[in-house]
Every structure is written in structure tokens, then in C-alpha cells.
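Each remark here refers to the structure printed beneath this line.
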Amino acid sequence: MATGIGKGHHLHLIDGSGFIFRAFHALPPLTRKSDGLPVGAVSGFCNMIYKMVEANNGPDAPTHVAVIFDHSGKTFRNDIYPEYKANRPPLPEDLRPQMPLTREATRAFGLACIEQEGFEADDLIATFAVQARDAGARVTIISSDKDLMQLVGGGVEMVDGMKNVRIGPEEVEAKFGVGPDRVVDVQSLAGDSVDNVPGAPGIGIKTAALLINEFGDVETLLERAEEIKQPKRRQTLIDNAEQIRISKRLVTLDQNVPVEVGFEAMEVREPNADDVLGFLAQMEFRTLTNRIAEKLGVEAPTVAAPAGAPSADGAAPAKRDMPPIDPSKYEIVRDKAALETWITAIRERGYVAVDTETTGLDEMIADLVGICLSVEVGQACYVPLRHVEGEGDLLGSSERAAGQMDPAEALALLKPVFEDAAILKILQNAKYDMKIFAREGITLAPIEDTMLMSYAMHGGLHGHGMDALSERYLDHKPIPIKSLIGTGKSQITFDKLKIEDAAPYAAEDADITLRLWHLFKPRLHAAKTTTVYETMERPLVPVLAQMERNGILVDRDHLSRMSNTFAQKMAGLEAEIHELAGRSFNVGSPKQLGEILFDEMGIQGGKKGKTGAYATGADILEELAAQGHDLPARVLDWRQLSKLKSTYTDALQDHINKDTGRVHTSYVISGANTGRLASTDPNLQNIPVRTEEGRRIREAFVAEEGNVLLSLDYSQIELRILAHIAGIDALKQAFHDGLDIHAMTASQVFDVPLDEMTPEVRRKAKAINFGVIYGISAFGLANNLRIPRDEAKAFIDAYFERFPGIKQYMEDTKKFAQEHGHVKTLFGRVIHTPEINAKGPRASFAYRAAINAPIQGSAADIIRRAMVRIPDALRAADNSARMLLQVHDELIFEVREGEAEATAAIVREVMEQAANPAVKLDVPLVVDAGTGLNWAAAH
DNA sequence: GTACTCACG
DNA sequence: GACGTACGTGAGTACG
């Protein structure tokens, strides 16, 4: 049945996961020089792989090679026995970021890289070994895992890759006391403390082998247990019969995994010099790079040249040698045969750039129209799926266009590729396409995202959209989509385009994405931001995609009733305002309002802005109201209602999805320079809370029947981070003691004992605390507290005198920014500050942003780390809670009524520990939790 | 398309 | 010494 392998072939199956762990534990903790990324395991792994590849030319060379990895997550064994491998310590933090790199290394060496969800590497190895053996091929398993010894014999042999010793039937017998065919029987009796296989208590390998040699196998032994002479041993076997049977199922390898990779993909081929040397150079493995370059007869690339990092002024790096972009060269895939040719090419390459074309921008509504693929720079294809023909009259009678594949057939062919753990999918803004594919039943993984690579390297320097990146790094302006679908009212959807017109535009995006990826991959390392990208940007993509697809239930009637109430109140206010003004005008027009106030009513002190219009912001109107003017006071009320109505009670209703009845926001991972997320369409991160009237809008965000909303938020996270970064002992101590931090600050700065603290003094200290986070200035503080500027300055001076560490932090940060053109968060996120050395007020802005960025950014990093870990934590506890929203320091879940408390405990633990082990904070992180039937009640 | 205003952390 | 400012966002409205 197995194709692509047979007599005369020799298959090497390499236990990749085994290699990684042995390399990790055997080698000292090596880190990459330029940025400290741990690479010890990768280095050991590469050396071992290289040794294997070198042997591929030897006398006993394999014709086929595959490197097999464990897939993270549950396997079928956990269904049999939940405790399986439950005593394993979590993956060491130093090892985690190295995992994807080992896959990359495998592909770079030109080897098939295989893993599959739900199965361990051992099962895949067993399946491939048996298939190849039955087809008549010779099989060598390179591993030292004793669990694989059951496969030895009949044309399958094992080699311990590290010690370079052969493991044949004799060696197996020496270890287990039985031949390979009885290994599972011995293992199921003896158990395995490493994998937490229970076995029979008190029976080890020696006794097990004795029993099996006497009775033949486990089943016979259990049937005839009464015959055992030793009473204790007999009783143990009788008492634990079921446990032994379970153990047998655990240790028996699955030889019938529905594998997704054929033997064709494992054929030995010469590694591509660019791929392998490029990877090794990025890793900064000088010795190995030089050795392999010599072997391949090419010049070694320069290793670890930080000069390759982009300069702080954001100048575009030089374009690499690539063929020019030529949309006329792209192919249109219209039938199965053509698509299969592409799929073969993808499997051979191990990666593919993917882009989708859809009917709109809202990925919860838009339909998939076509798919673009590219594996080679300059070559790309468009697979049209749902184009329609004809203008599509008013009745929508447009018909399916000719010359495209049946969508179901095409997607069925692509699904195994898109879900193959051994094939990297490269996308620009992967979250969008992931959500589109999710609605087609396809889980896109693993992925790489050029938008996020750019964000990790160049956050603060420029935007990260495809057009901007293409123009900047490829010197190429992509075909504007508007040139095809038009704008405004006459705009059409993508499916209405003729396939021939759509294809060049569509395929170009995949080509561009692939080019960007080739350019960014080495630079990501040079910019020292690989860890940030791999731990805080890329893993967030599937998490956010799921949250966005979850959405939150919104009570339309509640909003509608509020809208009506607001409309009535506004009408009343409007009449009053016109009465006071002496004429009717548009209250919503700041320009008209300014003229009424300062020209017609003659109020003094009107200030004009740069456009010549009077400023009428809330602060100005408040001042006028305080002077006793009624009209501005009414306008303030009117504006509040107008804002609530238009932005929330009205607009939110339009965002309720017809199919789900829920509101699905979209998070922009690269939206904020500091690492914060941004929320759009609608923005659910600015739902009112500060006023009573506004807060009622939160009552419209509800839980489904039988569920509650659970909200958890970090308490004072930015001040805690400030205390840590600036090293302020008094603040740290206050957080350790659980004190009221603003009262404590007030007490220190204003010399007031805590028990004599007044709300007024505390308010001032609170304003200073926040001011510090924002890059304090006397002007800003004076504005905020409505006090004279010299008074504000006196406060700040007193504060700095009491906490000199804060002043020091601010000066150090400014100096660092001026020297490097960027600042960093505690977790290594780089935030560029290109204007820090500018002249004039721009530098002042940049200075305050530079003070704020490490604080806001570290807090953002922490919640990102928590969000990445939460789905696993919930899954491990079999908890069904759904994460719905993130509001910078708050996470909102929907959870079954009885499960709220358990969920809160799990999530709180993850959130409070989220900095660990990368950063050991000097202050505790504290998370507050609340539940309720709606968001107002839960918050 | 830009400016202004205001909602959130 | 003057500049003209609190940090980070998104969205709705008016207006040219």
C-alpha cells in the first residue's frame, strides 16, 4: 500500500524530539551572542542532524530520511489514561523558543519534517517503519528511546545516534530480558515512571521478564495468574489486572496512524546551500556554518553582523537579489491536476506563502472567493473558487463563473497541506486568513506572519501593512485593489471580478509575502527580536482568532431602549441650548458653538486653534460652566449623550452579527507601538465605565443562558512595573504589604501620616503617580489637577526628592533612547523612538513616549504572555470557559455558571505568574476577579 | 481627507 | 531661553 518506497530502499527515521531533549540536557546553556536567545538545543540538534546528513553519502546511505517530532498537546493516550505523562515537568522556558527553530533547522537541511496532532513521534515512527518494512524497504530508526525497541527486527533496526551504537534484537533482549516482540508485555507489567505508566506495583523489568518468559504474554499471564507461586506477586497481578491492560495499551505504539505525508517527501536530496547556511548564520553557529560551507564548496556567509540591523532613522535596507515582480507570470489554477502539481511543490519545499481573496473586510461575514499560493519568489498562482459571472442583476441572478474548481474539492486537497505541522504557512496578517479558513473547517498551522515580523523588528518606525512593506522593502507598489473593485457606492465585491483580472492582483500578494519573509527572516535575528516574535506575537494569532470568533452576546433591546431615552433627553437639551443662544444652530458643530459662545454671547477668553476655530473642548466648557454660564454646561451634557448614542447604543447594534447574534471585534496585534492591542470594528476597548450613565451600556454585554461573564484584571500593573524597573524600594514594599499605593505616595511626598490622609491629598499623589508613567511635566500635572504650574512643579520636585530612583530611571531611559533610537520592555520588546533626537517640541513628545513605552509595553507583554498560556491551562483542566475580550489589563470570559470559580482560579494563577520565568519581578502581580450576568456586574 | 471631540486603559 | 506638552488607542461628526 505504501507508495514511493520499496525493495532496495533504505529509510532513516530520526526521533527529532529525542534529539532535542538530549541536546538540551547534554549541552551547557548556550545563548546567541547578539541577543541572548537560548540556542543550545538548536546547536546540538544541528550537529546531530549534520552528522546524519554527512552519513547520507556514506556506504550505508539511506534513500529516504524523515525527522519526526512530538506534537504538543493531548494524544489518544490521554483519553485512555488521563495521567499519562502527567508528571512531566513543563517545557523549560529556555527550551520553548527553540522548538520551532529545530523544525526550521530540519527543513533548512532539506529533510522531511514531520509531526501530527494527536500522535507522538513514536507512533508516527512505528507507522512509517511498518509500512516501509512491509513494502520491502530497509528501516533504521535513529533514537535511543526504549519505547521504540518493540519495533526492532524483521528489517527494522535501531541506532542510538548519540553513542553511535546499533540496537538489534540482542541488545533489546539484554535490556528487557525478552525479544522485541515481547517488549510491550514487559513494559506493561513494569510500568514507566518517566511516562507515568502505572504497570503493576512492585514489579520491575526483571520480574516482568521472568513472568513473560514463563507465560508468554500479558493476557495469558493474567488469565493464569492463579498459578503464580509467590502469594504477594499473585495478588498484585490479580488486583491490578485492569491497570496492567491499560498500561499495555499505553506502551503499545500505534502502527496505523493516518499519516499525512508520503514517502515521496522523504527522498534524500542535496540541501539547498542558501537555506542551510542562512539558517546557521542567523543562529550564529560560526563553526558549523564554516564547516558546512566548505563541504558544500560555497563561501560562508558572515556570521553575526549586527551592522545588518536597520538603522534607527528607518532607512530601507537594501533589496536582496530577487527577480522583478511580474504579475503576468502568475498562473491560474483551474483543475485538480494543476492544484496537485502545486501541492507537490509545496510538500517538497516545506513552506508556502498563502493569501486569501474574499468578498469583504469583515472576516466573520466575508466569503472565501479564491486562494493564492507561492513557494518560489516570482512564481505564484491563483486558485479561483467562487467567482460569479454576469453583472448580477437586481435579483442577484449571477451564475458561477466557468473555469474554476469546485470549492469543496479544492479545499479538501489543500486542507491536509494547510494543517500539516511540517509545512510552514507564510502570511501577511495571518489572523484574517486563519479566520476565513476556520469557517471553511480548516485550521491553519503552523504559521509565520510577515506583518508581525515587521512589527517585532520595526515597531515605531513605520506601518506594517502589505503596501507599506512592499514599497519600503521591495521597491514595488502593489496593484491597488481599488483599481479593480472601485470605490464608494459603485464598489463591487471580489467575486464579481473576471478571474483573469483578479488573478494578477491576487497572486501578487502571495509573491510579495514570500519575498518579505525571505528578507525579514534573517533580519529578525539581527534585530534581536526573534524571542519577542516567537513568544508574544506569533502565538497570539490563533488565540485572538478564537476570541474574535467567540464574540460577545449583546442585548439589542437594551441598547435600543437606551438610544430612545438618549434621543429624548438630547431633544430637550437642544431646545434649552437654542433658547439660551437666542437662535438655533448645530450643537454638534464645534465651529458654530465657538461662534455662539465667544462672538455672539461675548464670553471672554476664547482661544483659537491653528485652523482659526475656537477651541471648545470639554475642559474649556467646564471652565465656562464653573464661571456660571449655563449654555456650556448644557452642551457638555448634550455631548455626553450624543457620544453615548452615536458611538455606542446606535453603532453597536449595527455590529451584531446576523448569524451569531454576537458582536465580534477585531484586534490589531501590531496596532499600538507599545505592544498593546487595538480593537476595531467595533472598538470594545473603550466601552464607557467612568460615568453612571455610560456604565449602563455595559449592561447590554451579557452572558448566554446558563452562563456568566467573568472579568479578571491586573491591579495597578503599570505602577508595579514602574516600582520594579526604577527599583523603588518604598514602592516595592508597599505593594508587598498590600498598601494603598496612592495614599502611601501621598504620605511620603506630603509628609502626612497615613491615618491623617485626606482624599484631596491622596488625589494629588495619584495624579503624580500617573503623571510619572506618562513622562511627567509641570504643565501636564498642572492641567490635570487644575493648579498653577509652579505649584505642580513643587509637587514634582518633592516627589523626585523622595523617590530619586524615578528621576534616575527617566534620565537613564532618555539617554538610552538617544543612543539607540529605541527603548525596550522588560521582555525585550523593542519600541523605536525615531524623533528622540529631533529638535523642538517633537523631541519632547518622543521623550515622554520613551519614558512611557517600557512601562506600558511591559504590562502589555505580561498580559500577552498570559493570553498565550490561558487556552492550554483551561484545556488541561478540562475547563470549557471561553475567552472573549481583552481590555489592556483585563480579560473577559464567558463560563458556565457552576464553573466560574474554578475558571477564575486557573486564569488568575496564569495571569499572576505571567512574567515568570523570563522576568523575576520584585513586586507581586495581583489580579482581581468578578462575575455577573453582564459586563457591568462582572467588572 | 483632516480636525475636533471624547470613549477607554 | 522658548517651545507647547501629560502616555497609548478608535470612532463619529463636521467641514472643506
Side-chain angles (χ1 to χ4, degrees), chain A residues 459-460 585-594 607 609-621 635-636 638-652 654-655 665-668 670-691 693-695 697-698 713-719 722 767-785 789 792 796 823 831 833 838-857 859-860 863 885-890 935 939:
Chain A
F585 70 103
N586 184 350
V587 183
S589 164
K591 184 167 169 262
Q592 292 180 34
L593 176 66
K607 284 192 200 111
K610 10 181 176 204
T611 51
Y614 289 110
T616 66
D619 46 346
I620 290 169
L621 297 191
V635 171
L636 282 170
W638 183 93
R639 276 193 186 164
Q640 196 202 352
L641 294 172
S642 163
K643 176 76 177 177
L644 294 179
K645 182 172 186 295
S646 67
T647 310
Y648 300 106
T649 57
D650 287 350
L652 224 37
D654 299 333
H655 281 286
T665 183
S666 195
Y667 290 101
V668 192
S670 52
N673 289 336
T674 52
R676 273 194 181 180
L677 300 176
S679 161
T680 66
D681 308 298
N683 181 354
L684 294 186
Q685 290 182 323
N686 70 347
I687 303 301
V689 70
R690 290 174 186 170
T691 66
E693 210 143 29
R695 194 154 44 236
I697 291 169
R698 295 197 170 208
D713 67 288
Y714 284 108
S715 160
Q716 309 277 20
I717 187 166
E718 293 191 351
L719 279 176
L722 174 68
I768 301 176
N769 276 336
F770 279 110
V772 167
I773 291 173
Y774 296 150
I776 200 159
S777 71
F779 181 91
L781 184 65
N783 245 358
N784 187 288
L785 284 176
R789 205 187 300 185
I796 295 170
V823 291
I831 297 142
T833 55
K839 297 245 183 298
R842 282 144 61 104
S844 307
F845 275 116
Y847 163 70
R848 288 190 299 269
I851 301 292
N852 173 260
I855 302 167
Q856 187 182 116
I863 198 165
L885 302 178
Q886 189 250 42
V887 193
H888 307 310
D889 62 359
E890 176 188 13
W935 193 0
H939 183 72

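Proteins get letters first, then strands, A, B, ... in listed order; numbering begins at 1 in each.
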Distance below 4.0 Å between A:R639 side-chain N/O and B:dC6 OP1 or OP2: yes
Sugar-phosphate only, base, or nothing, as touched by A:L781 at under 4.0 Å among non-hydrogen atoms: base
Whole-Å distance separating the CD atom of A:E718 from the C1' atom of B:dC8: 13 Å
Touch class at under 4.0 angstrom, heavy-atom based, for A:E890 against every strand present: nothing
Partners passing side-chain contact (heavy atoms from CB on, under 4.5 Å) against A:A651 (at least two apart in sequence or in another chain): none
Given C:dA6, C:dG4, B:dA7, the nucleotide with the shortest approach to the side chain of A:P688: B:dA7
Sugar-phosphate, base or nothing in reach of A:A859, heavy atoms under 4.0 Å: nothing
Nucleotide B:dC8, atom C1' - distance to CH2 of A:W935 in whole Å: 9 Å
Audit row: A:I855, A:Y774, side chain to side chain contact (heavy atoms under 4.5 Å, CB included) steps and yes/no: CA-CA 9 Å; A:I855 302 167; A:Y774 296 150; over 6 Å; no
Minimum-distance nucleotide to A:D889 side chain [options: B:dG9, B:dA7, C:dA6]: B:dG9
Between C1' of B:dC6 and CG of A:L621, the distance in whole Å: 12 Å
Sugar-phosphate, base or nothing in reach of A:R842, heavy atoms under 4.0 Å: nothing
Which residues share a ring pair (Phe, Tyr, Trp, His ring centres under 6.0 Å) with A:F585, sequence neighbours left out: A:H578
Contacts of type side-chain contact (heavy atoms from CB on, under 4.5 Å), residue A:A849, not counting sequence neighbours: none
Euclidean distance, atom NZ of residue A:K645 to atom P of B:dC6 [Å, nearest integer]: 18 Å
Sugar-phosphate, base or nothing in reach of A:I776, heavy atoms under 4.0 Å: base
Side chain to side chain contact (heavy atoms under 4.5 Å, CB included) evaluation trace for A:T616 with A:R639: CA-CA 11 Å; A:T616 66; A:R639 276 193 186 164; 2.9 Å; yes
Letter per nucleotide, 5' to 3', of nucleotides 9-16 of chain C [B base touched, S only sugar-phosphate touched, - untouched; heavy atoms, 4.0 Å]: SBBSSSSS
Distance, P atom - from C:dT5 to B:dC4, rounded to whole angstrom: 11 Å
Sugar-phosphate only, base, or nothing, as touched by A:A850 at under 4.0 Å among non-hydrogen atoms: nothing
Shortest side-chain distance from A:Q856, nucleotide among C:dC7, B:dC8, C:dA6: C:dC7
Check: A:L684 and A:L652 side chains under 4.5 Å, non-hydrogen atoms: yes
Rounded distance in Å - CD1 (A:I796) to C1' (C:dT5): 12 Å
Set of side-chain contact (heavy atoms from CB on, under 4.5 Å) partners for A:S844, sequence neighbours left out: A:R848
Check against side chain to side chain contact (heavy atoms under 4.5 Å, CB included), A:I776 and A:I768: CA-CA 8 Å; A:I776 200 159; A:I768 301 176; 4.0 Å; yes
Side-chain ion pair, A:E718 and A:R676, N-O less than 4.0 Å: yes
Atom P, compared across B:dT5 and C:dA6: separation rounded to whole Å: 13 Å
Below 4.0 Å: OP1/OP2 of C:dC7 and any side-chain N or O of A:R848: yes
Criterion side chain to side chain contact (heavy atoms under 4.5 Å, CB included) on A:D681 and A:H655, from CA distance to verdict: CA-CA 7 Å; A:D681 308 298; A:H655 281 286; 4.3 Å; yes
Separation of B:dA3 C1' from A:Y614 OH (nearest whole Å): 18 Å
Spacing between A:I855 atom CD1 and B:dG9 atom C1', to the nearest angstrom: 14 Å
Closest non-hydrogen atom pair, A:T674 against A:A860: O-CB, 4.2 Å
Rounded distance in Å - OH (A:Y774) to C1' (C:dC7): 6 Å
Dot-bracket summary - DNA chain C, pairs being Watson-Crick or G-U whose distances fall under 3.5 Å, with | when paired to another strand: ......|||||||||.
Check: A:R690 side chain, B:dG9 base, donor-acceptor under 3.5 Å: yes
Sugar-phosphate, base or nothing in reach of A:F779, heavy atoms under 4.0 Å: base
